[in-house]
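The structure appears right after this line, and notes come after that.
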Amino acid sequence: RLTSFLESAARKTGSRYLALMASHASADPFAKVKKMIKDLISQLMQESTQEIEHKGWCDAELATNKNTREAKTQAVEELTAQKEDLTSTIAQLTQDIEDLTKAISELDVAMADATAERTASKEKNAQTVEDA
């Protein structure tokens, strides 16, 4: 407003001095610096907002990764425990099979002996009946 007032007064009066003052007033050397500072502040605010948003995203991703890692670690521990239990069960069942196989062999031998004894007794009884 000051520059327009001085320019109009310089035209009305024809004063070069007022025209020179108007041109100096319009050529404020600090106006460019002020504009640059305002632009810089605006840019820094935008960058700050972007960094805050990026940090929020990073924090969310880190939390998600931590939860996933904990869940997978727990699953691995559970599967390892299950594997150990199954390995123990396999060892126990293998031992049981060996014991039962041995028992069957012993029963087969005992059955063969009993069959031979019964056969011998049958023949002896048959001979006794024949003699009598």
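Just so it is clear, the structure is predicted and the values come from calculations on it, not from any experiment.
- Q95 pairs by the side-chain contact (heavy atoms from CB on, under 4.5 Å) definition with E98, D99, not counting sequence neighbours.
- One distance of note links OG1 of T87 with CD of E84; it measures 7.5 Å at 0.5 Å rounding.
- For the atom pair CG (D85) and CD1 (I90), the distance works out to 11.0 Å, reported to the nearest 0.5 Å.
- Checked against side chain to side chain donor-acceptor pair (under 3.5 Å), D59 has the following partners two or more places apart in sequence or in another chain: K55.
- Clustering of Ile, Leu, Val, Met, Phe, Trp and Tyr side chains at separations under 4.5 Å places L40 together with L44.
- Take D108 and apply the salt bridge (charged side-chain N to carboxylate O under 4.0 Å, His left out) test, not counting sequence neighbours, and it matches no residue.
- Every side-chain contact (heavy atoms from CB on, under 4.5 Å) that T115 has, sequence neighbours left out, goes to M111, R118, T119.
- For L100, there are no side-chain contact (heavy atoms from CB on, under 4.5 Å) partners at least two apart in sequence or on another chain.
- Judged as a salt bridge (charged side-chain N to carboxylate O under 4.0 Å, His left out), and not counting sequence neighbours, D96 has no contacts.
- When the side chain to side chain donor-acceptor pair (under 3.5 Å) test is applied to D39, the partners found at least two apart in sequence or on another chain are K35.
- Residue pairs meeting the ring-ring contact (aromatic ring centres under 6.0 Å, His included) criterion with at least one member in residues 90-116: none, sequence neighbours excluded.
- Every residue two or more places apart in sequence or in another chain that forms a side chain to side chain donor-acceptor pair (under 3.5 Å) with E47 is listed here: Q43.
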Would you list the atom pairs, donor with acceptor, under 3.5 Å between side chains in residues 62-77 and any protein atom, with sequence neighbours excluded?
residue: T64; atom: OG1; partner: A60; partner atom: O; Å: 2.9
residue: N65; atom: ND2; partner: E61; partner atom: O; Å: 3.4
residue: N67; atom: ND2; partner: A63; partner atom: O; Å: 3.4
residue: T68; atom: OG1; partner: T64; partner atom: O; Å: 2.9
residue: T73; atom: OG1; partner: R69; partner atom: O; Å: 2.8
residue: Q74; atom: NE2; partner: E78; partner atom: OE2; Å: 3.3

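- Counting only residues at least two apart or in different chains, ring-ring contact (aromatic ring centres under 6.0 Å, His included) contacts with residues 46-94 comprise H54-W57.
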